[in-house]
Amino acid sequence: MATDQGGTPAKRSAMDLATEAFVAHRNLLFTVAYEMLGSAADAEDVLQETWLRWVGVDLGQVVDARAYLVRITTRQALNRLRTLTRRRENYVGPWLPEPMLTSADVADDVELAESLSMALMVVLETLSPTERAVFVLREVFDAGYDDIAAAVDKSQAAVRQIAHRARAHVEARRPRQTVSARETRAALESMQHAFETGDLRKLFDVLAPDVVYMGDGGGLRQAARRTIVGADKLVRMLIGGLAKTKATVTTEPTTINGSPALVFRLDGELDGILAVRVEQGKVTGVYYVRNPEKLTRVESETVLARR
């Protein structure tokens, strides 16, 4: 510990205290921002903005540093989300969240893993920015209505109404039952086998008849420009795509956003991440991210936290 000239411990600076609090809660703040934005790159930018505002705060007036930091992060994420919403209207093809390689402890937290799943984050995209912020803070991070109200600049009564509306919207579109990682892994193993053998008709054994497929190339990689509905259409598309490629296709299991997924490589080079939604043993949703700008966090682990 540093000491002053008289040999007594030196008083810690406000910057030291601010830094300590920010670092202690950084993983939580990143997770909040990512859940709201679906983009790790934008979440990092929000954290930078949060830090710049945090160092200007009079810490003597802060009762709960965690709650205060979450409030700043939420406000900055809301501002960015409103801008992103307009930008995504011009996105080429379907927009999918940025996938991230996550550790085993994220998968162990069932609620966090479900909230980070590609399937649920696609549903969150259909909420308004304020609805998404309220839903994330309440349902994922168990924030109190008073803290949420301060973060989104609404009354507690309004926040309760927004939370009810957002919850009903999400519940109507999310899987009715939580599927275990083992069930998801089993479905992916069946899909992996079909791709490795080249017999994609075996996918009919695991795909639901009304399966929904979304591919995200972002205009930088070839991908279906529209959502594909139906196992027949999806398998025909995949067979056609496989016939055209001259590269060797390989797959390997991974954990993305807290759930099992597959890494696809063409001639050893990373091509994309495939995630699925499983219901009653069948794959009802397939999400394939090819946009190279969204594949920067699939080979090095990102630490996420709810506390």
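More than 12 heavy atoms of other residues, nucleotides or ligands sit less than 6.0 Å from atom CZ of F264. By the neighbour-count criterion of 12 heavy atoms within 6.0 Å, atom CD of Q280 is sparsely surrounded, having that number or fewer from other residues, nucleotides or ligands. E293 CD: 12 or fewer foreign heavy atoms inside a 6.0 Å radius. Within a 6.0 Å sphere centred on CD of E111, other residues, nucleotides and ligands contribute 12 heavy atoms or fewer. Residue E269 places its CD atom among 12 or fewer non-hydrogen atoms of other residues, nucleotides or ligands, all under 6.0 Å distant. The environment of D267 atom CG is dense: over 12 non-hydrogen atoms of other residues, nucleotides or ligands sit within 6.0 angstrom. Atom CD of Q222 has 12 or fewer neighbouring heavy atoms from other residues, nucleotides or ligands inside a 6.0 Å radius. Within a 6.0 Å sphere centred on NE2 of H169, other residues, nucleotides and ligands contribute more than 12 heavy atoms.
Under the 4.5 Å side-chain contact rule for hydrophobic residues, V276 and V110 do not share a cluster. Cluster annotation: L238 and V212 are assigned to distinct hydrophobic clusters (Ile/Leu/Val/Met/Phe/Trp/Tyr, side-chain heavy-atom contacts under 4.5 Å, transitive).
The cationic group of R138 lies under 6.0 Å from the six-membered ring centre of Y145 and within 45° of the ring axis, placing it in a cation-pi geometry. Cation-pi geometry between R71 and Y68 is satisfied (NZ or CZ under 6.0 Å from the ring centre, within 45° of the ring normal).
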inquiry  = Checking E171 against R174 for the salt bridge (charged side-chain N to carboxylate O under 4.0 Å, His left out) test, could you report, in this order, the C-alpha distance in whole Å, the side-chain angles of both residues, the deciding distance, and whether it holds?
reply    = CA-CA 5 Å; E171 290 298 331; R174 78 196 310 175; 2.6 Å; yes
ask   = Going through the checks in order, is the side-chain contact (heavy atoms from CB on, under 4.5 Å) test met by W51 and T19?
value = CA-CA 9 Å; W51 166 251; T19 301; 3.4 Å; yes
Steps toward side-chain contact (heavy atoms from CB on, under 4.5 Å) verdict (E252, R265) = CA-CA 9 Å; E252 60 193 64; R265 299 184 189 278; 3.2 Å; yes
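Side-chain contact between I72 and W54 is present, with heavy atoms from C-beta onward closer than 4.5 Å. The side-chain heavy atoms of Y287 and P94, taken from C-beta on, include no pair separated by under 4.5 Å.
Under a 3.5 Å cut-off, the side chain of S115 and the backbone N or O of L112 do form a donor-acceptor pair. Remark: the backbone N or O of A194 is paired with a side-chain donor or acceptor of T197 at under 3.5 angstrom. Of the possible polar contacts, none joining the D42 side chain to the L37 backbone as a donor-acceptor pair under 3.5 Å is found.
Nearest heavy-atom pair across F22 and L69 is CD1-CD2, 4.0 Å. Taking both residues in full, the closest heavy atoms of V286 and L274 are given as CG1-CD1, 3.9 Å, listed atom of the first, atom of the second, then distance.
Residue pairs meeting the salt bridge (Lys or Arg N to Asp or Glu O under 4.0 Å) criterion with at least one partner in residues 217-236, sequence neighbours excluded, are R221-D271.
Residue Y91 belongs to a hydrophobic cluster whose other members are W95, with links defined by side-chain heavy atoms closer than 4.5 Å. Taking Ile, Leu, Val, Met, Phe, Trp and Tyr as members and joining any whose side-chain heavy atoms lie under 4.5 Å apart, directly or through other members, V92 forms no hydrophobic cluster with any other residue.
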